[in-house]
Amino acid sequence: METKTTSSQYIDDTIFEDDNAILRLISLFESGEIDFKLATSIYGVVMDAKMDRKNNGEFLVNFDLRPEWEEKFGMDHFFERPVMLVTNGVNILIKNTDVTAFKQSLGEGIRQASININAFRGDLNDSNWNQSKQSAYFRFDCNKFDPQCCGIIYDMTTNKDQNYSWKNCVKIEIDKLTILFYYMKLEGDVGYFVFKTNDPINHDKFLHIINATRAAFSLISGFYIADSAYFISMQKGKKETLTYRYQNFNETIYSKRPLLDNSLYRNIPQDELYLTSNQFERLSKLLYQDEELLRSCILLTQASRVDSLSKGCLAAVALETITNKIIEKNKNASVLIEDKKVSQQLKYELEKGLKKIKDNIEKTIFDKLKSKIGKLNEQSNSTKLGTPFEALGIQLDEEELYCISCRNCLLHGSLPTPTSELYKSLTSDELLKLVSNRLIMLSSMLILKKIGYRHNVIDWGYTEIAIRRKMMNCESIKGIGKAHRVINN
């Protein structure tokens, strides 16, 4: 039997006033105690129903099927037509595409039935979501993730007293719009990450900003916010436009391998371990402006969660994408000869020499040689992957250069091979962990350096091996710190 905590158990003095109203609405949806009428598109078929949230984020709608409806009502109806739940002025539209399952009991007379749904909405008019004040409430489990230890220095509070010492909020300005991003913990294990704007905004743009912020959050914390969410919208001065949507994503990622350390160190100040609110704003803005970097951040979070060769493959793909984006801004970094006149002269002379032997070689060989001449001035892929670090002033040591050089073998399904005495002391599994984790770290460092952060990140490549060896030697790992890599070392 499922147990749950509903959103009716909230803490009044630690959240904004309008959040209480939204939480009451959410509690109405999730309590399982409200009587609804389930209206179908079939004349006369209206059923008594109740709606209840399941632990997997889906909602279960329970109702009774009367025998007299059998001829005009089939189980396929919910997968073909939308239906609506109605109670006390609240309308909930359930689209047929959001129904995931239908069940009914066997036997004669009135039969019990239910549908599982992944989403619902309170309106039929998409224009209500244009130029409106909007907010989003993303649910998370407080027992599984502590939002206070996420790598951000919160500098605002949702407490009624703005001088309150406890902080849980940051302000993000993107594209001339101000978004508040904060979290709130309710009684029990339920929490919400909230995105809120006072500026009129279209829903698609609001989602774009949310997606960028979630990707930024996942990069530094290892936690991608994607459980389920309520979206709220109301146009200024028009209470009749107040509406809502619910979506169950069930795509949360928690790698438990954050990039930034949430431990306390006597010799390292917090601003050298966490992002300031301004740096987090710059990171969110960077990802908002570049969809490929946004996807790379999520890819790095996915890579941190998996093991073995898959970790290295995902990290290598992300590194190449990030490299291409940085080199794109500095095109000269991708060529050997920067002087265009000289490079073109070289190409001309080589092609002229090739033409002299054209009649003495096969056409396929001639075409291949000509193609290679065209790419002669381009740096090799392995060299190119080191270029963005030079462009951003990040010095790599021999170990890190080796990890980058393993990119091709990982993408082709091969394991890294040791090239020095240091690597020969590692098992093949340890070497794979070291290379894969450091590819994630190095890729992330490029993004953080671009937004002005130059301090500590966690070197999970070294940390995981050190912890594992202590455990193998039956040594205590209680209180063990993590290895750090300073971006500007």
Pairs where residues 457-487 contributes a residue and the test ring pair (Phe, Tyr, Trp, His ring centres under 6.0 Å) is met, not counting sequence neighbours: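 As it turns out, the ring pair (Phe, Tyr, Trp, His ring centres under 6.0 Å) pairs with a partner in residues 457-487, which skip direct neighbours, are Tyr265-His484.
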Is it true that [X] and [Y] have a side-chain N and a carboxylate O under 4.0 angstrom from each other?
X	Y	value
Asp146	Lys185	yes
Asp290	Lys285	no
Glu475	Arg469	no
Lys171	Asp155	no
Arg139	Asp227	no

Selection residues 438-447 - residue pairs positive for side-chain hydrogen bond (donor to acceptor under 3.5 Å, both in side chains), sequence neighbours left out: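 Matches after skipping sequence neighbours: Glu399-Arg438, Arg438-Asp459.
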Geometric class of the Phe181/Phe193 ring pair [parallel <30°, tilted 30-60°, perpendicular >60°]: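 Because their plane-to-plane angle is under 30°, the rings of Phe193 and Phe181 count as parallel.
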Tyr183 and its ring pair (Phe, Tyr, Trp, His ring centres under 6.0 Å) partner, picked from Phe140, Tyr154, Tyr192: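 Testing each of Phe140, Tyr154, Tyr192 against Tyr183, the sole residue satisfying ring pair (Phe, Tyr, Trp, His ring centres under 6.0 Å) is Tyr154.
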Check: Ser218 side chain, Phe223 main-chain N or O, donor-acceptor pair, under 3.5 Å: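 Judged by distance alone, no pair lies under 3.5 Å.
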Check: Lys205 main-chain N/O paired with Asn202 side-chain donor or acceptor under 3.5 Å: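 A pair under 3.5 Å: no.
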Any side-chain donor near an acceptor of the partner, Gln247 and Ser228, under 3.5 Å: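 No, no side-chain donor-acceptor pair sits under 3.5 Å.
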Residue pair Asn488 / Tyr453, side-chain donor-acceptor N/O under 3.5 Å: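 Note: Asn488 and Tyr453 side chains miss the donor-acceptor criterion.
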Non-neighbouring partners of Arg245 that pass side chain to side chain donor-acceptor pair (under 3.5 Å), sequence neighbours left out: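 In terms of side chain to side chain donor-acceptor pair (under 3.5 Å), with neighbours along the sequence ignored, Arg245 is linked to Asp126.
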